[in-house]
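Below: the structure, in structure tokens.
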2 protein chains.
Amino acid sequence: MAIIGEITEKHRLSSPECKQQMMPVQDALDILHGKWKLLILMSLSTGPMRFKEIQRQVEGITAKMLSKELKDLEINELVQRTVYDTIPVAVEYTRTPYGNSLKKVIDELHAWGVQHRKRVMRRSN
Amino acid sequence: MAIIGEITEKHRLSSPECKQQMMPVQDALDILHGKWKLLILMSLSTGPMRFKEIQRQVEGITAKMLSKELKDLEINELVQRTVYDTIPVAVEYTRTPYGNSLKKVIDELHAWGVQHRKRVMRRSN
DNA sequence: CCGCATCCCCAAGGATACTG
DNA sequence: CAGTATCCTTGGGGATGCGG
């Protein structure tokens, strides 16, 4: 029980700094939350993409969701929308430089996902 | 319009590989989704932590959610739960080595959040 | 102190049909 | 092709209260 008390005390002291560390993460999650946003950004990693193209790449997303998520991403300046005045209209979506700044985040998440998948495979055998 | 056709064609070709890249990310998001999981993992970065301690650090989370999220994290072996047979019982949560493997992901998200906050501040002035 | 049980609400998300 | 509109379901999340 003494050990518990010690541990508790130790971390209560470091609490304020911990909260400071969390705020930025909370900010990031606010913008990137949901099932789709990061996947959409990924699909734009190779270059501009049209609506249907993105929908094909991001498996399972409905037009409604894609439309909404793209709007959100545009508001946060992670994605740019360009309309070409053709018939029928063509719309291209591009990652902005700011959107590209998420590359590392996505890369790390991807790397973790890869090894996680391996791990799950291993355990299920 | 020619340019559109070209762009479309180019990326349709790279589509299969893109989907491959997305699956791991989707896996990762499945485990880490929601408002709280990453924040909880962050709060455990400095060492073992008791239930109430975590709740104090993760601002705004209710006991119910914390309980549920900790269970999920335990199932996925990112967090370990230890019960001390004291009166009243004390329960400690620790990041497993596997949970620690998410450090880079969290770090990148944190780094992005920090600069995002700066950016938002700048624009609102 | 560490939760679980219950009730409740709302936003996220899905299905389908439809327009310019 | 690029979405909107509508309706619907699910579950994330909050509030409160209780039990070991």
Side-chain angles (χ1 to χ4, degrees), chain A residues 1-9 11-12 26 29-40 43-44 48-75 79-94, chain B residues 1-9 11-12 26 29-40 43-44 48-75 79-94:
Chain A
M1 324 126 80
I3 189 178
I4 306 261
E6 271 177 33
I7 290 169
T8 302
E9 203 52 39
H11 291 292
R12 180 166 297 137
Q26 209 150 10
L29 291 178
D30 266 6
I31 291 180
L32 305 172
H33 65 174
K35 278 170 77 173
W36 304 117
K37 299 223 176 63
L38 283 173
L39 296 176
I40 292 169
S43 79
L44 295 176
M49 203 72 97
R50 296 179 62 178
F51 190 90
K52 267 288 170 189
E53 288 283 326
I54 303 175
Q55 196 178 0
R56 263 189 289 270
Q57 297 227 351
V58 180
E59 197 124 31
I61 194 169
T62 60
K64 173 188 161 189
M65 284 311 297
L66 181 52
S67 172
K68 202 201 87 190
E69 299 290 71
L70 282 170
K71 240 172 254 172
D72 288 352
L73 292 171
E74 202 189 348
I75 287 173
V79 159
Q80 191 195 348
R81 184 174 185 270
T82 312
V83 180
Y84 293 90
D85 196 10
T86 54
I87 298 172
V89 275
V91 182
E92 267 189 9
Y93 294 90
T94 322
Chain B
M1 330 143 62
I3 189 178
I4 306 259
E6 271 178 34
I7 290 170
T8 303
E9 203 51 39
H11 291 293
R12 179 167 295 136
Q26 208 150 12
L29 291 178
D30 266 6
I31 291 180
L32 305 172
H33 66 174
K35 279 169 76 173
W36 305 117
K37 299 222 177 64
L38 283 173
L39 296 176
I40 292 169
S43 80
L44 296 176
M49 204 69 99
R50 295 180 62 181
F51 189 90
K52 267 288 173 196
E53 288 283 327
I54 302 175
Q55 195 178 0
R56 263 189 290 271
Q57 298 228 350
V58 181
E59 197 124 30
I61 194 169
T62 61
K64 174 188 160 188
M65 283 312 296
L66 181 52
S67 174
K68 204 200 86 191
E69 298 290 71
L70 282 170
K71 233 173 262 170
D72 287 351
L73 292 171
E74 202 189 348
I75 287 173
V79 159
Q80 191 194 348
R81 184 174 186 270
T82 312
V83 180
Y84 292 90
D85 197 8
T86 54
I87 298 172
V89 274
V91 183
E92 267 190 9
Y93 295 90
T94 322

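Since the structure is predicted, the reported quantities are computational estimates derived from the model, not experimental observations. Here is the naming used below: chain letters follow the sequence lines, and residue numbers restart at 1 for every chain.
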Practice item. Evaluate the criterion side-chain contact (heavy atoms from CB on, under 4.5 Å) for residue pair A:Arg56 and A:Phe51; output intermediate values, then yes/no. Key: CA-CA 9 Å; A:Arg56 263 189 289 270; A:Phe51 190 90; over 6 Å; no
Contacts table for residues 65-75 of chain B: side-chain donor-acceptor under 3.5 angstrom, sequence neighbours left out:
none

Exercise for review: Would you indicate which nucleotide in C:dG14, D:dT4, C:dA12 comes nearest to any side-chain atom of A:His33?
Suggested key: C:dA12
Revision key, fill the gap. Side-chain contact check for B:Trp36: nearest option of D:dG13, C:dG14, D:dA2 is D:dG13
Review point. Counting a pair only when it is Watson-Crick or G-U and both distances are under 3.5 Å, which runs of at least 3 such pairs involve DNA chain D?
Key: C:3-20 with D:1-18
Please enumerate all protein N or O atoms sitting under 3.5 Å from an N or O of nucleotides 18-20 of chain D, with distances to 0.1 Å.
none

Practice item. Check whether any side-chain N or O of B:Lys52 sits under 4.0 Å from OP1 or OP2 of C:dG3, and answer yes or no. Key: no
Review point. Does B:Ile61 reach the side chain of B:Ile40, with side-chain heavy atoms less than 4.5 Å apart?
Key: yes
Exercise for review: Take B:Arg81 and A:Gly34, find for each the nucleotide of DNA chain C with the closest heavy atom, and name the residue whose nucleotide sits nearer the 5' end.
Suggested key: B:Arg81
Practice item. Report yes if a side-chain nitrogen or oxygen of A:Tyr93 is closer than 4.0 Å to either non-bridging phosphate oxygen (OP1 or OP2) of D:dC1; otherwise report no. Key: no
Between protein and nucleotides 7-11 of chain C, what N or O pairs are separated by less than 3.5 Å?
none

**Study point:** Pairing residues for A:Lys35 by the salt bridge (charged side-chain N to carboxylate O under 4.0 Å, His left out) criterion, not counting sequence neighbours
**Key:** none
